[in-house]
Amino acid sequence: MSVLAVRSLSKAFGGVRAVNDVSFELGRGEFLAMIGPNGAGKSTCFNIINGQLAPDAGEVLFEGKNIVRLTPREIWRLGVGRTFQIAATFHSMTVVENVQMALMSHNREIYRFWRPAAARHRERALALLAQVGMREVADRPSRALAYGDVKRLELAIALANEPRLLLMDEPTAGMGAYERYALIELVKRLVVERGISVLFTEHSMDVVFAFADRIIVLARGRLIADGDPQAIRDHPQVKEVYFGTGKAISPGAVP
Amino acid sequence: MTLNALLFQALNGLSSASGLFFVAVGLSLIFGVSRIINIAHGSLYMLGTYIAYSFATHVGGGLGFWGGIVATAVLVGLIGGLIEILLLRRIYRAPELFQLLATFALVLVINDATLAIWGPEDLFGPRAPGLRGAVELLGRHLPSYDLFLGALGPVVLVILHMILARTRFGRLVRAATQDREMLGALGVNQTLLFTSVFALGAALAGFGGALQVAREPANLATDLTALGDAFVVVVVGGMGSITGAYLAAVIIAEVKAICIGLGTVDFGLFSLNFSKLTLVAEFLVMAVVLIARPYGLLGRAQATVRTIAEPEEPIRPASSSLTASAAVVFALLLALPWLARSSPYLLVLGIDVLIAVIFAVSLHFIAGPGGMHSFGHAAYFGLGAYGAALLVKWCGATMGLALIAAPLVALFGALMFGWFSVRLSGVYLAMLTLAFAQIVWATVFQWEALTGGSNGVIGIWPPPPFDQANTYFWLTLVLAVGAVLSLRRLLFAPFGYAMRAGRDSALRAEAIGIDVKRVHWLAFAIAGAVGGVAGGLFAFAKGSISPETIHVGRSIDGLVMVLLGGIQTLTGPVVGATVFAVLQDTVMRQTEYWRALLGGIILLLVLAFPGGIVGAVMRLVGKARAS
């Protein structure tokens, strides 16, 4: 059984069909990239899967359970981690406290009113930070981090609830080429170790073709291709969308 | 009651609706463009009534009245423009809490200026020349002036619509409402636009106030009453929507008018006096609208930001020096009754300070780490105070029981009001909390049979041994220390962390499984309960409680205390409350114009010391360490 199955997903905003009858599956341990030009419907699709948007039609099955109309909170509880396109942290907390916060929530300790939070799950949080190479800055204020470090911290937070599926919306947006490779390499290593399945959107094609096990391509709200990197490279319609006639940027596909 | 009578009341309601509309629409326009909630809007309205009174009585006749109304609108518009140029222009980039406080400082200054110019007495204006009569309608007499007012609302609505739809100014206003940054990037002179919009909004408020001169006396309390009404209208109608403002004004005015029209209705088993339920009805309308449409009938979701002055330092457990100085202060306070034997007044001051500390710390709990800038914390102080006082008065409860009930009553109120409030954020939350506090205040004021109305409840003295100042001081001290330490403890517990996480980034907090609304609701309720403790202690300390002690002013005092000390620090509210309470009991007692003085302090704080006392001290210490 696939970890994630998206079936005939559709969503329109006014007259614009942002996502139109999209279906795909994600197998266990797979590293799946979702690509497409601006306005292809990637973000909409993503926000439906993570519970921020309700689709007009279709279903999203996580391990066989329909998660459409669940809140982001409930979806997270089921074992789905996520990172955001624009990374941000809880800026009034230290780096390690950010991870501890996720661990406290995971262990259902939010409604504890007396014993201090500072020592809770600190060891576990430090271990997670060590895995993303941030052990040394654990006690710094998180707002003082460089952007690349914020991205890594976000990854540590996303791993805190031991997710079986990780959703990453443009994980390398705003990063330099070297950092980009380093981050995706890190993600890939961590998820392979843990057998986590990953769905990520990405603009930088070099990263996608270097790391993704499989790629799906959206254009104007429709899924136009689904296959391994080689198959996508050779796919005529993908070539057209990316390099060809410019049809993808016709009315109705504005971001 | 007959159908005719109901129709008659409905017509009557339209004239009130126009008044509500004039004051609310300016507020809404100004917010749309500048993103500033002008708390002083009610004051401009009040100024309108006073200025129009002067025109009508000094110039006299039709010119003095009708010409005076137009002149008043222009004059108040000019005052508004001046306020924008001198004050608001400096704080457009400041955190919204500071903007709210700065405009509240204006309320205080304008109120005292009005007092100085026109005196404390209510001033009755003349009837409108040419419209003194009444029209016979549905077998009753409707004053023709009311009819005129009722028609004027829609006329102004249409004119405003035309201005917004047809003129370049209107296009700019609409563009700024949608995307201010983009408009600036397009090279539009925003400075001029902001000033003119503020002037227009002020002129509308002045116009609305001026029109009232023939119906109601000019009164110094109008500023906050009008503001509370305007907030309810704007929240119901939707921020930035002119039609929404009119729609909401009509709905609220009609609901009130019909409640009054229904009067006492016999339901067989019991009878209900609807005319006493106008406030409850207003609250119900607001509640229903907010549940169905959180941004009002015709409003749209705003990108809300909970800003704070500067990025906040992570909280750390108290340093050894802080613990040591806290212990010293506590020991000194314990010994105060002996130290102060020669000046018993010190103990009274001490009790005032401690009550202020409890109040400020409870407000800081939600306003600082919770990011919920409540402008109505006085409601919970009031519920606590009245809860305790009424239990003593009507049930003969002991002080112990009353002091236990105080936080429970406040908790109940905070749970109810908080449920709505946490659904909103930023300025919406500020307005809603203020409106709720107005409702509590007005209920206490109107429900004379239970609360004694404006006279309040008297004779709530503590029994022995607490009838001595020193024992009561100790009791207050114990409760204050308990409140401060418990709330601090909560902030360091997972719950406090979750509350901050929800403030720092609600989206992210939800994405790691935190139910932000629930956490903030609970925090709101806890803060309300602790505020109730302060209220209960206050009632017994003064031996009485009256509506004026739980008015909006107290909510604002709390915010000033929190900001004075420094909102981003945990010791800030304690220091701020102490300094403020001492100032209030000493300096402000010396002058009749303490409001203007307080307004001056607030403006100084906002413009010069946004970090508060503790923030300034910490910066100094930081600099000393760095060098």
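This structure is a prediction, so every number in the text was calculated from the model and none was measured. By convention in this document, chain letters (A, B, ...) are assigned in the order of the sequence lines, proteins followed by strands, and residues within each chain are numbered from 1.
Relative to the six-membered ring of B:Y497, B:R500 meets both conditions, a distance below 6.0 Å and an angle of at most 45° to the axis.
The residue among A:M93, A:R115, A:E109 with the most heavy atom pairs within less than 4.5 Å of chain B is A:M93. Counting heavy-atom pairs closer than 4.5 Å to chain B, the top-ranked of the candidates A:T89, A:T71, A:N50, A:T94 is A:T94. Chain A forms the most heavy-atom pairs under 4.5 Å with one residue out of B:L490, B:L491, B:I512, and that residue is B:I512. Ranked by heavy-atom pairs under 4.5 Å with chain B, the first of A:M101, A:H106, A:R120, A:R108 is A:M101.
With a threshold of 4.5 angstrom between heavy atoms, A:M104 approaches chain B through side-chain atoms but not through N, CA, C or O. Looking at B:R316, only its side chain comes within 4.5 Å of chain A, counting heavy atoms on both sides. At a 4.5 Å heavy-atom cutoff, A:S142 makes no contact with chain B through either its backbone or its side chain.
A search for side chain to side chain contact (heavy atoms under 4.5 Å, CB included) contacts involving A:E179 returns A:M175, not counting sequence neighbours. The side chain to side chain contact (heavy atoms under 4.5 Å, CB included) test applied to A:R122 returns A:V96, A:Q100, A:L126, A:D139, not counting sequence neighbours.
Residues B:G370 and B:R503 share a closest heavy-atom pair of O-CB, 3.9 Å. Contact between B:A493 and A:W114 at its shortest, heavy atoms only, is CB-N, 3.8 Å.
Residues of residues 151-168 of chain A having a heavy atom under 4.5 Å from any heavy atom of chain B, listed by number: A:E154, A:I157. The contact list for residues 73-82 of chain A toward chain B, using heavy atoms and a distance under 4.5 Å, reads A:R73, A:W76, A:R77, A:R82 by residue number.
Between A:R28 and A:E63 there is a salt bridge, since at least one side-chain N of the basic residue sits less than 4.0 Å from a carboxylate O of the acidic one.
Between the A:D56 side chain and the A:A12 main chain, a donor and an acceptor come within less than 3.5 Å of each other. A side-chain donor-acceptor contact under 3.5 Å links B:H364 to the backbone of B:T569. Under a 3.5 Å cut-off, the side chain of B:S505 and the backbone N or O of B:A501 do not form any donor-acceptor pair.
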Handout entry: Check against side chain to side chain contact (heavy atoms under 4.5 Å, CB included), B:V519 and B:F495
Key = CA-CA 7 Å; B:V519 167; B:F495 180 76; 3.8 Å; yes
Practice task
Begin from the C-alpha positions of A:Y111 and B:D515 and carry the test side chain to side chain contact (heavy atoms under 4.5 Å, CB included) through to its verdict.
Solution key: CA-CA 11 Å; A:Y111 299 101; B:D515 189 340; 4.2 Å; yes
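A ring-ring contact (aromatic ring centres under 6.0 Å, His included) with B:F524 is found for one member of B:Y380, B:F365, B:F420 and no other, namely B:Y380.
For the atom pair B:L429 CG and B:S421 OG, the distance stands at 5.5 Å (nearest 0.5 Å).
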